[in-house]
Amino acid sequence: MKNVAVIGAGTMGNGIAHVFAQNGFEVNLIDTQSAALDKAMQTIAKNLDRQVAKSIINEEAKQATLTKIICFTNLKEGVQDRDLVIEAATENSKIKMAIFSEMDQYTNPSCILATNTSSISITQLAEATQKPANVIGMHFMNPVPVMKLVEIINGKATSAEVTDAIVSLTTTIGKIPCVVKDAPGFIANRILMPMINEAILAFEEGISDAATIDQIMKLGMAHPMGPLQLADYIGLDVCKNILEIMEDGFQNSKYKPAALLTKMVEAGKLGIKTGEGFYTYQK
């Protein structure tokens, strides 16, 4: 596999495109908004500059990476003749199902269709295609160029050959694959999101302030970032969506988003991306 397409030019999509291009893959980056593509390329260039400043790569490698990424606003054109297409759109099952239907329609029969979803069923997404054996989850962590983990999720119909190919590919791009079965939240978010939700409940109940809650988890549990700061980093709307998917998927109220989380999302306080969450940030 040398030809890759990434659908969605947001934080995760541009990070995935960056990593594949830096490892020698020809990448088509696809988004319906040309402005989003422009912003993505600026972000990738900025992140490459950081790598140059830290002597991780040189200027020649930076330029080589950028030349390997071609932007498209037309999905049909962008996914043709690709060996692998990775969907990295917003965490919404209806949107993702529609994209998978299009991906299936315009890719060749052997193309692997992957999703960067953090919680939505791989088996469900595969139902939108005629090649469910080729559908798999590749859950990258943010920031993609830095974080080593890729959670590989098998749907019920995912073939062993596809899993083996994606595990090998993940190693090729310098990441560490961890294979899990399809279930709401998979492993990473099934464990992480209840912890974040519990931290929000403790804050909501006035047991302590945000900085102290985070400090306790950093010092006592050796977490590099506290749960409330991490929630801001992920996006409070994303945290809420994932918890709701898990609550519905497991039919268990223990995953119900904290009332404060819902209120903050409704108020547009989504964390770093809006400048305010449990902490305030400069936009």
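Hydrogens, waters and symmetry mates play no part in the numbers below; they use all other heavy atoms, side chains included.
Side chain of Tyr255 to main chain of Ile245: no donor-acceptor pair is present (N/O by atom type, distance under 3.5 Å, no hydrogens or angles). The closest donor-acceptor contact from the side chain of Thr123 to the backbone of Gly155 lies at 3.5 Å or more, if one exists at all. A donor-acceptor pair under 3.5 Å links the side-chain atoms of Asp214 to the main chain of Leu228, judged by distance alone. Under a 3.5 Å cut-off, the side chain of Ser253 and the backbone N or O of Lys256 do not form any donor-acceptor pair. A donor-acceptor pair under 3.5 Å is absent between the side-chain atoms of Asp248 and the main chain of Glu244, judged by distance alone. A side-chain donor-acceptor contact under 3.5 Å links Asn116 to the backbone of Phe140. A distance-only check finds a donor-acceptor pair linking the side chain of Thr171 to the backbone of Val167 [under 3.5 Å]. Checking side-chain atoms of Ser168 against main-chain N and O of Asp164 turns up no donor-acceptor pair under 3.5 Å. Side chain of Arg82 to backbone of Ala5: no donor-acceptor contact under 3.5 angstrom is found. A donor-acceptor pair under 3.5 Å is formed between the side chain of Asp182 and the backbone N or O of Ile122.
Summarising the local packing, CD of Gln251 is surrounded by more than 12 heavy atoms from other residues, nucleotides or ligands at distances under 6.0 Å. Atom CD of Glu204 sits in a crowded spot, with more than 12 heavy atoms from other residues, nucleotides or ligands closer than 6.0 Å.
Between Lys254 and Pro194, the closest side-chain pair of non-hydrogen atoms is not below 4.5 Å. Using a 4.5 Å heavy-atom cutoff, the side chains of Phe20 and Val144 are not in contact.
Nearest heavy-atom pair, Ala258 versus Ile200, reported as atom, atom and distance to 0.1 Å: CB-CG2, 3.7 Å. Between Val162 and Ala133, the shortest heavy-atom contact is CG2-O, 3.5 Å. For the residue pair Ala17 and Leu29, the shortest heavy atom distance occurs at CB-CD1, 4.2 Å. For the residue pair Leu243 and Pro257, the shortest heavy atom distance occurs at CB-CG, 3.8 Å.
With sequence neighbours left out, Thr32 forms a side-chain hydrogen bond (donor to acceptor under 3.5 Å, both in side chains) with no residue at all.
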Identify all side-chain donor-acceptor contacts of residues 60-72 below 3.5 Å with residues at least two apart in sequence or on another chain.
from  : atom 1 : to    : atom 2 : distance (Å)
Lys62 : NZ     : Asp49 : OD1    : 2.6
Gln63 : NE2    : Glu59 : OE2    : 3.1
Thr65 : OG1    : Ala61 : O      : 2.9
Thr67 : OG1    : Gln63 : O      : 3.4
Thr67 : OG1    : Ala64 : O      : 2.8
Lys68 : NZ     : Glu26 : OE2    : 2.9

Determine all donor-acceptor pairs shorter than 3.5 Å in which one atom belongs to a side chain in residues 83-91; sequence neighbours excluded.
from  : atom 1 : to     : atom 2 : distance (Å)
Asp83 : OD2    : Lys2   : N      : 3.1
Asp83 : OD2    : Asn3   : N      : 3.1
Glu87 : OE1    : Lys96  : NZ     : 3.3
Glu87 : OE1    : Thr115 : OG1    : 2.5
Glu87 : OE2    : Ala89  : N      : 2.8
Glu87 : OE2    : Lys96  : NZ     : 2.4
Glu91 : OE1    : Thr117 : OG1    : 3.3
Glu91 : OE2    : Thr117 : OG1    : 2.8
Glu91 : OE2    : Ser118 : N      : 3.1
Glu91 : OE2    : Ser118 : OG     : 3.2
Glu91 : OE2    : Ser119 : N      : 3.0
Glu91 : OE2    : Ser119 : OG     : 2.8

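Of the N and O atoms on the side chains of Gln51 and His18, at least one donor lies less than 3.5 Å from an acceptor on the other residue. Thr212 and Asp209 share a side-chain donor-acceptor pair at under 3.5 Å.
Distance check: Lys175 NZ to Ile152 CD1 gives 12.0 Å after rounding to the nearest 0.5 Å. The distance from the CD atom of Gln229 to the CD1 atom of Ile213 is 13.0 Å, given to the nearest 0.5 Å.
Under a 4.0 Å N-O distance rule, the pair Asp232/Lys273 does not qualify as a salt bridge.
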Criterion side chain to side chain contact (heavy atoms under 4.5 Å, CB included) on Leu261 and Asn197, from CA distance to verdict: CA-CA 8 Å; Leu261 175 60; Asn197 206 40; 4.3 Å; yes
Residues Val79, Asn28; criterion side chain to side chain contact (heavy atoms under 4.5 Å, CB included); working and verdict: CA-CA 8 Å; Val79 302; Asn28 289 352; over 6 Å; no
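Pairs engaging residues 137-148 under the side-chain hydrogen bond (donor to acceptor under 3.5 Å, both in side chains) rule: His139-Glu151 [sequence neighbours left out].
Membership of an apolar cluster is not assigned to Leu201, as no side-chain contact below 4.5 Å to another ILVMFWY residue is traced. Applying the under-4.5 Å side-chain rule to Ile, Leu, Val, Met, Phe, Trp and Tyr, the cluster around Met141 extends to Met147, Leu149.
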